[in-house]
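Contents: one structure, followed by commentary.
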There are 2 protein chains.
Amino acid sequence: MKNIIQHINKAFDHRVRLGIMSILMVNEYADFNMLKELLGATDGNIASHTKALEKEEYIKVEKSFINRKPNTRYIATAEGREAFSKHIEALEKLINPND
Amino acid sequence: MKNIIQHINKAFDHRVRLGIMSILMVNEYADFNMLKELLGATDGNIASHTKALEKEEYIKVEKSFINRKPNTRYIATAEGREAFSKHIEALEKLINPND
DNA sequence: TACACTTACTTTGCATTTCAAAGTACTTTA
DNA sequence: TAAAGTACTTTGAAATGCAAAGTAAGTGTA
């Protein structure tokens, strides 16, 4: 048994990014303020973590105007969904090694 | 539903620390090289992450000599075990919000 | 009994990441 | 039309992460 954490994804090592991904797994999309409120994070925080996930192509961003206000929607990509599922599997294996 | 990640422990946000704790949950103790090998991390890496967990009093350190060689054992404290269990619970809730 | 080598960590300092405060651009309200 | 609000984005200091280098004690080799 070697390197038991090799399948744990570095991109999901932070609780805000973990939160963003799990929100986007159950919701088709989420906007900036939804993430902000659900995660209790600051604006800059949400911006930088979503940017990091976008860079990995785990989420994509759709900008539009709703009621004449700017609105930014985040959506998990297929790649992101798969990576997150694998991450969860790795976590489960780490926590319950005998399953 | 607000702040869904509030029970996720910042101290366990990193995969090496997650690994250290899960090793110490199933093993009574682990020494430096055991952690290093199981986690595939460098020396300095193990040192700094164990130090961080020690600072939180989630693990304790026992130094001795075995076969005339220095040996450092890491042991999860009661506090550490409880904190980690709560962290896992929070993770599970995050991933499967409907359970 | 010197000398190089190994083992088991620890220290160091650079690089990356995180954070919230401040900034921007636009809209609404008085 | 001025002030306030909304929805982000940018910024730069602070915290964190990393591996290379350092240390200290023991081991082999001649």
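Letters go in sequence order (proteins before strands), and every chain restarts at 1.
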Closest to the 5' end of DNA chain C, once A:G44 and A:N67 are matched to their nearest nucleotides, is A:G44
Does a side-chain N or O of B:K55 approach OP1 or OP2 of D:dT16 to a distance below 4.0 Å, or not? no
A:K36 atom NZ is separated from C:dA20 atom P, nearest whole Å, by 12 Å
Of D:dT10, C:dA20, C:dC19, the nucleotide closest to the side chain of A:T42 is C:dA20
Whole-Å distance, B:H14 NE2 to C:dT17 P, equals 11 Å
Whole-Å distance, B:L35 CG to C:dT7 P, equals 19 Å
Per atom distances to the B:R68 side chain, the nearest of D:dC8, D:dG26, C:dA8 is D:dG26
A:L39 atom CG is separated from C:dC19 atom P, nearest whole Å, by 12 Å
Atom NZ of B:K63 and atom P of D:dT23 are separated, to the nearest Å, by 17 Å
> Within less than 4.0 Å of OP1 or OP2 of D:dG17, is there a side-chain N or O belonging to B:S48?
Replying inline: no
B:K69 NZ to C:dA8 P, in whole Å, measures 5 Å
Winner on side-chain proximity to B:F32, out of D:dG17, C:dC19, C:dC9, is C:dC9
With B:E62 as partner, the option from B:D31, B:T72, B:N71, B:I75 fulfilling side-chain contact (heavy atoms from CB on, under 4.5 Å) is B:I75
* To do: Run the salt-bridge test on A:E89 and A:K93 with the 4.0 Å N-O cut-off and return the result as yes or no.
  => no
Whether A:H49 contacts D:dT9 is assessed here as follows: a side-chain N or O lying under 4.0 Å from the phosphate OP1 or OP2. Is that the case?
no
| task | Validate the cation-pi geometry between B:R73 and B:Y29: distance from NZ or CZ to the six-membered ring centre under 6.0 Å, angle to the ring axis within 45°. | result | yes
Against the side chain of A:D43, the closest entry in C:dT11, C:dA8, D:dT9 is D:dT9
Rounded to whole Å, CG of B:N33 lies from C1' of C:dC9 at a distance of 8 Å
| So, does the side chain of B:N45 form a donor-acceptor pair with the base of D:dC18 at under 3.5 Å? | no
Taking only the side-chain nitrogens and oxygens of A:K51, find out if one of them lies under 4.0 Å from OP1 or OP2 of D:dT10. yes
(request) Scan B:D31 against the nucleic acid and name what it touches under 4.0 Å (heavy atoms): base, sugar-phosphate only, or nothing. (result) nothing
Output for pair (A:I66 CD1, A:K69 NZ), nearest 0.5 Å, gives 10.0 Å
When rounded to whole Å, the CD to P distance for the pair A:E54 and D:dC8 reads 13 Å
Run the side-chain donor-acceptor check on residues 50-61 of chain A: report pairs under 3.5 Å with partners two or more places apart or on a different chain.
residue : atom : partner : partner atom : Å
A:T50   : OG1  : A:I46   : O            : 2.8
A:T50   : OG1  : A:A47   : O            : 3.0
A:Y58   : OH   : A:N9    : ND2          : 3.2

Side-chain contact check for A:P70: nearest option of D:dT9, D:dA7, C:dA8 is D:dA7
